[in-house]
Amino acid sequence: MAKKYEPSKIEAKWQKFWEKNKTFAASDKQRKPKFYCLIEFPYPSGEGLHVGHPRPYTALDILARKRRMQGYNVLYPIGFDAFGLPSENYAIKTGIHPSVITKKNIATFTKQLKSLGFSFDWDRVITTTDPAYYKWTQWIFLQMFKNGLAYKAKMTINWCPSCKIGLANEEVIDGKCERCGTSVEKKEKEQWMLKITKYADRLINDLADVDYSEKIKIQQINWIGRSEGINFKEKVKDLDLEFEVYDSIPQTFLAQTFTVIAPEHPLVQKLIAGTKYETPVKEFVARIKSRKAANRFVIEKELEGIFTGRYVANPFGTGDLPIWVASYVLADYGTGIVNCSAHDERDFAFAKKYDLPLKIALLPTDKDHAEKVKSLAEFYRAPDGVIQEPLEFKGLRWDEAREPIIKYIESKGYGRRAVNYKIRDWVFSRQRYWGEPIPMVYCENCKATGASATGWIPVPENDLPVQLPNVEKYEPSDSGESPLAAISAWVNIKCPVCNAKARRETDTMPNWAGSNWYFLRYIDPKNRKHLADPKKLGYWLTVDWYNGGMEHTTLHLLYSRFVYKFLYDIKAVPKAKGPEPYAKRTSHGLILGAGGEKMSKSRGNVVNPDEVVKAQGADTLRLYEMFMGPFEQAIPWDAQGVMGVRRFIEKVWNIYQGQVKIEKKCSEALITLTHQTIKKVTDDIESQDYNTAVSALMILTNKISDEKIMNKFVAVALVKLLAVFAPHVGEELWQMLGNKKSILAAAWPEYDEAKLLNKNTNLVIQVNGKVRDMILVRADLTEQEAEKLAKQSEKVLKFIENKKIVNTIFVPGKLINLVI
RNA sequence: GCCCAGGUGGUGGAAUGGUAUACACGAAGGACUUAAAAUCCUUUGGCAGUAAUGCCUUGCGGGUUCGAGUCCCGCCCUGGGCACCA
């Protein structure tokens with residue numbers, strides 16, 4: 001009897017079934033091959049799930065379900081990255097403890113995620129704010145400290161005056177706070193730092209061994225910014241001072257005519273001490289610093305400098321170089337001091353502005369152009385320019401001259417090879433309440449006795465976790481101290497080493513801390529002795545497929561690779577698994593509002609997934625999000641498009657309600673199309689072409705519907721293929737076909753290579769590459785037969801009459817082209 | 001400025017160098033209905049033509065090829081990332 005398609009009924013039914021039967025539980029003891037697929041766990045915000053969330057979750061859910069049907073033991077876990085500012089800000093407003101809010105939000109998220117039928121293993125849920133979890137986040141920090149990778153340093157940080165929080169470089173977008181959009185200021189603060197720079201080379205080199213999309217690799221490589229060059233040794237004339245200057249393009253070194261130093265550089269004071277330059281230079285430095293602090297500094301417009309009165313003593317036998325303080329020099333890249341030449345655009349402009357000497361060591365081949373460059377009328381640097389000096393290398397191209405000149409510089413003793421990186425050590429302190437406490441204690445006595453050089457003592461591992469105490473007020477202070485600093489009973493403790501009075505670190509960790517390693521905890525979420533059991537790690541690692549947002553490429557993804565490499569080095573994860581956590585990384589595109597703009601509350605264009613589920617069902621939402629467009633691309637939401645997908649599901653549903661008969665025999669064309677569809681869907685899921693996979697299912701469905709008769713093979717194949725995209729309706733139809741177990745226990749459909757081709761095909765007849773006719777022929781037609789048929793076509797005849805055929809191109813089963 | 005994607009109907013988009021516009025949305029017409037919704041059928045890149053049919057069409061300009069949305073060269077535009085890194 002024909003039943004109506006009622007998504008709310010069947011979806012509730014199957015969600016209950018899966019929960020009761022633990023259909024998605026991953027087993028740690030299995031002979032099956034394992035497959036670990038991972039999505040970025042959500043931050044449980046008060047707004048609840050957004051339609052953007054299900055896009056990647058559905059994509060990997062499809063993969064997870066397919067792998068189960070292919071016989072894998074699949075781990076597809078979910079958790080919550082629950083530390084973070086929104087909960088804390090809400091607490092400030094309402095006085096409700098962040099843990100209370102977090103609990104409530106997680107309940108909402110859980111309900112919503114379950115309503116979408118994702119095949120997550122709900123027995124392995126983790127939450128980063130759980131002390132049993134952050135115990136291990138703190139443990140990792142302690143290991144970093146013990147291995148010299150965590151250190152406290154006073155440094156200029158990016159300070160958001162609104163959030164009252166220090167930000168990592170990665171969290172500053174266009175000089176503004178990533179979260180609230182307030183202009184970021186510079187502030188001097190003592191901060192815990194992690195030495196990610198020590199891993200810079202490995203983070204680049206090991207990319208060769210992982211399957212990440214090229215754009216992710218390139219973005220990480222550019223972010224790390226490895227640069228090779230020369231450190232030149234320099235002496236200051238008339239002063240007992242030496243320093244080095246870094247140059248990544250040393251082949252024009254003989255064009256260097258002056259030296260610039262960053263205003264913040266400590267050496268500046270020594271250069272000017274006691275000279276008539278002291279006062280004006282100090283004033284200059286103060287001015288530039290204050291403008292930089294306010295973040296009102298536009299480099300192109302403000303090339304400013306002042307002479308220090310000092311010179312570099314004749315570095316290359318061609319004379320002394322005046323030393324200037326210049327606004328455009330970075331203090332924290334290279335050595336903070338740079339030799340300048342006419343072949344750097346900024347140096348050129350700076351020299352013009354202050355009338356400094358310039359010299360040419362590279363010329364273009366074009367004569368007129370060369371004259372222009374010689375006369376210093378124009379800046380010049382190009383790989384095909386010709387070296388003029390040193391004379392030994394005159395005539396070499398600029399790019400070819402690099403290595404020989406570097407060797408020359410080394411042999412002369414002017415300098416030595418050096419490497420620099422754009423990436424900086426990672427600022428790991430936040431002056432906030434709702435984060436993992438940094439498990440460190442400061443002890444004056446230990447510093448005085450020399451028991452600790454810095455006075456910083458790690459909390460003993462047995463005392464972990466250092467739990468967040470309850471607070472009355474969550475507001476951070478303007479002084480930049482965390483709200484924790486106000487709780488003296490928590491702050492003031494006895495030193496774990498000497499028992500003297502000591503105080504706890506009151507900074508907390510950034511919200512990246514908990515997400516660095518969460519994928520390890522899923523493997524063994526309740527372990528109390530280790531961050532995860534080594535045997536289980538050995539079974540489940542490496543993560544086979546990790547999908548996430550492009551916006552995390554230089555944040556979470558890079559951080560977690562770094563942390564994993566560290567854990568690998570200290571043998572906290574199995575050596576046999578290698579130094580990379582994720583074998584494959586892909587990324588999804590954003591879902592935009594209907595107009596193509598970002599979805600946001602203020603624009604009022606946010607689509608609530610609950611409403612879509614209520615009106616059309618979870619299967620429709622899932623299928624629509626896969627069908628809407630290429631997975632990696634940002635796509636606007638289209639409510640009409642959702643309806644189209646719903647119509648498709650109903651069409652399939654009706655087919656199985658007796659609208660199409662299942663008989664022993666059906667048309668050969670339908671069998672062929674079914675094989676083609678199995679192949680297409682099988683392949684497209686692997687290449688993440690979900691939109692074309694869905695369209696292939698629609699084509700097959702349309703065909704079945706037209707034919708009115710299908711056989712068991714076709715009926716089973718369509719349900720199985722559909723079931724990974726739309727699991728509820730998939731299970732329901734599977735049951736209607738007489739099956740008792742979940743469709744995930746059934747095998748993924750196989751196609752027969754021999755049955756992919758149609759017996760008959762449309763042969764395209766071209767004349768000079770233009771389509772003139774099309775005839776239905778046997779697919780195995782020979783060239784001779786095809787040519788004969790082509791020449792008989794009336795439509796073709798018109799074009800070849802009285803012409804000589806000089807060539808024939810034949811593509812079997814597809815096309816014949818007559819060239820006249 | 002540098003690096004990475006991309007530019008195809010009214011819209012989202014599809015196309016191993018081989019029928020451009022699959023699939024879906026929207027629109028128009030029709031059937032059913034007292035009516036509407038839902039559903040079903042037909043049409044739907046442009047121009048000319050009653051039609052058969054012909055010509056044109058994948059941002060622009062060249063090139064390679066029997067044949068180019070696809071490959072090469074030079075531009076233009078859009079999106080994303082980086083940006084005082086010497």
Side-chain angles (χ1 to χ4, degrees), chain A residues 173-174 213-223 225-227 229 245-250 252 256 259-260 262 292 297-300 302-303 326-341 343-347 350 381 420-424 550-551 553-554 589-590 594 596 624 627-630 632-645 647-648 650-651 654 689 691-702 705 761-774 795 798 805-811 813-820:
Chain A
I173 308 291
D174 279 335
S213 73
E214 207 50 33
K215 77 176 169 182
I216 294 175
K217 288 190 183 183
I218 288 169
Q219 233 179 79
Q220 289 209 343
I221 290 168
N222 290 345
W223 183 262
R226 184 188 159 93
S227 154
V245 300
Y246 178 71
D247 192 347
S248 71
I249 322 171
T252 54
Q256 293 173 353
T259 295
V260 287
K292 281 192 177 174
F297 200 78
V298 185
I299 161 68
E300 289 82 9
E302 328 214 19
L303 222 50
S327 61
Y328 66 94
V329 186
L330 291 174
D332 58 353
Y333 184 79
T335 62
I337 315 174
V338 186
N339 277 0
C340 300
S341 84
H343 299 296
D344 177 275
E345 203 158 4
R346 286 152 312 169
D347 297 347
F350 188 78
R381 184 169 91 196
N420 271 297
Y421 303 91
K422 284 188 198 173
I423 196 172
R424 304 295 140 88
M550 211 47 212
E551 71 275 17
T553 303
T554 54
L590 285 177
Y624 172 66
F627 182 60
M628 63 194 304
E632 274 193 59
Q633 200 174 299
I635 305 265
W637 185 266
D638 174 17
Q640 305 282 7
V642 179
M643 281 309 299
V645 170
R647 281 200 277 267
F648 162 67
E650 296 217 20
K651 198 165 188 176
N654 290 333
D689 294 309
N691 54 333
T692 51
V694 175
S695 113
L697 290 173
M698 288 173 168
I699 292 169
L700 179 63
T701 301
N702 290 343
S705 172
T761 178
N762 280 319
L763 184 77
V764 172
I765 306 171
Q766 295 184 334
V767 178
N768 279 3
K770 286 202 173 190
V771 180
R772 294 305 176 187
D773 200 2
M774 204 157 43
K795 291 174 192 167
K798 275 205 310 207
I805 295 171
V806 294
N807 195 8
T808 312
I809 282 107
F810 179 64
V811 183
K814 273 205 175 142
L815 164 147
I816 181 156
N817 186 13
L818 305 174
V819 186
I820 55 169

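Every chain is numbered from 1, with letters handed out A, B, ... down the list of sequences.
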Could you identify the nucleotide paired to B:rC82, looking across every strand shown and requiring Watson-Crick or G-U wobble geometry with both distances under 3.5 Å?
B:rG1
Heavy atoms under 4.0 Å, any strand shown: does A:Lys422 hit a base, just sugar-phosphate, or nothing?
base
What distance, rounded to whole Å, do you find between the two P atoms, one in B:rG12 and one in B:rG67?
33 Å
Select base, sugar-phosphate, or nothing to describe what A:Arg772 touches, counting heavy atoms under 4.0 Å on all strands.
sugar-phosphate
Using the C1' atom in both, what is the distance from B:rA14 to B:rC25, to the nearest Å?
15 Å
What does A:Gly225 touch in the nucleic acid at a heavy-atom separation under 4.0 angstrom: a base, only the sugar-phosphate, or nothing?
nothing
Under 4.0 Å, counting only non-hydrogen atoms across every strand here, what does A:Ile249 touch: a base, just sugar-phosphate, or nothing?
sugar-phosphate
At under 4.0 Å between heavy atoms, what does A:Ile635 touch on the DNA or RNA strands: base, sugar-phosphate, or nothing?
sugar-phosphate
With the sugar-phosphate defined as primed atoms, P, OP1 and OP2, and the base as all remaining atoms, what B/S/- string results for nucleotides 17-23 of chain B, 5' to 3', for protein heavy atoms under 4.0 Å?
-BBS-BB
A:Pro636 near the nucleic acid: base, sugar-phosphate alone, or nothing, with a heavy-atom cut-off under 4.0 Å?
nothing
Syn or anti for B:rG6, please, going by whether the chi angle lies within 90° of 0.
anti
So do A:Asn339 and A:Asp247 actually touch side chain to side chain, heavy atoms under 4.5 Å?
no
